[in-house]
Amino acid sequence: MKLLRTIALDASDTFVFDVPAVSGEWAVSGGFRFCDQDPAKLTGKARAAFRGGFLGVQSWGWSTLAQIVPATEHDVEALIELLARQLVDLFGAPDLAIARTAAEEEVAFAQSLCAHPISSLVAVHRSVSGGEVHEAFRRLQLREGQGHGKAFSFMEVEDDVDADGDPEFAHMGQEPRRR
């Protein structure tokens, strides 16, 4: 049995989405969050969430990527119950019974995305065509022996400031100057 968990390879989700998901929480596609909105009118971070976000169920935030992980029957049931409660509390579902049915469908759909090997990363792309929302999912596969790393790395560089403390952009990326 497998499920999806959010994963953050870098801090970009904190800039891309209004509410980023917490890395490692259970995830579902989350496209239902836009059922009462016109995707053509979405802008900025809401548009980014629509186009490429998985919903972190606990935080109700968004993640660019989800990872396929092993799960137990207990995990599945706990996820369904959590999502059902969130649908009532945060999305306005009329009662827990109706919310549970919707949560079961959403979790079953998330499980259908887990046909790939454990640790595979999954990305989503949503679009609108002919008035209908379409979701496309793709798997990002690691090379043999490669672990998940950071998407970007930063290095601290000294000696790239002038006497006033301002960066010397013209010299960045070149060999350090000798003074």
Side-chain angles (χ1 to χ4, degrees), residues 1-116 118-140 151:
M1 192 168 283
K2 303 175 199 172
L3 286 171
L4 297 173
R5 283 197 185 272
T6 60
I7 185 169
L9 299 179
D10 60 26
S12 63
D13 285 352
T14 63
F15 305 111
V16 173
F17 304 121
D18 278 333
V19 178
V22 174
S23 187
E25 68 179 296
W26 294 121
V28 294
S29 167
F32 67 86
R33 289 270 313 266
F34 302 97
C35 69
D36 63 345
Q37 299 176 47
D38 180 355
K41 294 181 180 177
L42 295 173
T43 61
K45 294 180 178 187
R47 184 172 187 235
F50 169 77
R51 292 186 70 185
F54 282 96
L55 181 64
V57 177
Q58 179 69 43
S59 67
W60 214 239
W62 298 100
S63 178
T64 302
L65 297 172
Q67 184 176 28
I68 298 172
V69 298
T72 65
E73 186 64 39
H74 175 74
D75 293 329
V76 172
E77 285 303 315
L79 175 56
I80 289 169
E81 291 307 315
L82 174 60
L83 182 55
R85 283 193 310 275
Q86 296 285 59
L87 290 172
V88 171
D89 295 345
L90 302 175
F91 202 63
D95 62 52
L96 201 52
I98 291 171
R100 189 174 205 300
T101 300
E104 287 170 346
E105 291 175 13
E106 191 70 17
V107 170
F109 180 70
Q111 287 181 297
S112 77
L113 300 174
C114 297
H116 303 292
I118 298 289
S119 294
S120 296
L121 299 180
V122 182
V124 59
H125 177 74
R126 289 185 198 88
S127 59
V128 178
S129 176
E132 294 184 12
V133 174
H134 299 275
E135 290 183 314
F137 299 87
R138 69 181 192 278
R139 178 178 66 131
L140 307 173

Measure from the side-chain N and O atoms of E25 to the backbone N and O of S59, and report whether any donor-acceptor pair falls under 3.5 Å. yes
Search all heavy atoms of R47 against all heavy atoms of L42 and return the closest pair with its distance. CD-O, 3.5 Å
In short, K45 meets D18 closest at the heavy-atom pair CD-OD1, 3.1 Å
Non-hydrogen atoms of F109 and S29 that approach each other most closely: CE2-CB, 4.0 Å
When rounded to the nearest 0.5 angstrom, what distance separates CD1 in I118 from CD in Q67? 9.0 Å
Pair L55-R33, side chain to side chain contact (heavy atoms under 4.5 Å, CB included): steps then yes or no: CA-CA 9 Å; L55 181 64; R33 289 270 313 266; 3.2 Å; yes
Fit a plane to each ring of F32 and F91, take the angle between them on a 0 to 90° scale, and name the class: parallel (under 30°), tilted (30 to 60°) or perpendicular (over 60°). perpendicular
Closest non-hydrogen contact found for A84 with A99 is O-CB, 3.4 Å
Under a 4.5 Å cut-off applied to non-hydrogen side-chain atoms, are L9 and I7 in contact? yes
OG of S119 to CZ of R5, rounded to nearest 0.5 Å, is 12.0 Å
Could you tell me if the side chain of W60 sits less than 4.5 Å from the side chain of V19, heavy atoms only? no
CG (D89) and CG (L82) are apart, to the nearest 0.5 Å, by 10.0 Å
Distance from E135 atom CD to H125 atom NE2, nearest 0.5 Å? 10.5 Å
Does the pair S112 and F137 meet the rule for a side chain to side chain contact (heavy atoms under 4.5 Å, CB included), with working shown? CA-CA 11 Å; S112 77; F137 299 87; over 6 Å; no
Would you say R138's side chain and A123's backbone share a donor-acceptor pair under 3.5 angstrom? no
How long is the straight-line distance from CD of E77 back to OG1 of T72, given to the nearest 0.5 Å? 10.0 Å
If you take all heavy atoms of L96 and R85, which pair is closest and at what distance? CD1-N, 4.0 Å
If you define the side chain from C-beta out and look only at heavy atoms, does anything of L4 sit under 4.5 Å from I68? yes
d(S120 OG, L65 CG) to nearest 0.5 Å is 12.0 Å
Report yes if the side chains of L3 and V107 come closer than 4.5 Å at any heavy-atom pair, otherwise no. yes
Smallest heavy-atom separation, K2 atom then H116 atom, equals NZ-O, 2.8 Å
Do the non-hydrogen side-chain atoms of D10 and F15 ever get within less than 4.5 Å of each other? no
Criterion side chain to side chain contact (heavy atoms under 4.5 Å, CB included) on T6 and D13, from CA distance to verdict: CA-CA 11 Å; T6 60; D13 285 352; over 6 Å; no
Got more than 12 heavy atoms from elsewhere within 6.0 Å of CZ, R139? yes
Measuring only between side-chain heavy atoms, which start at C-beta, is W26 closer than 4.5 Å to L83? no
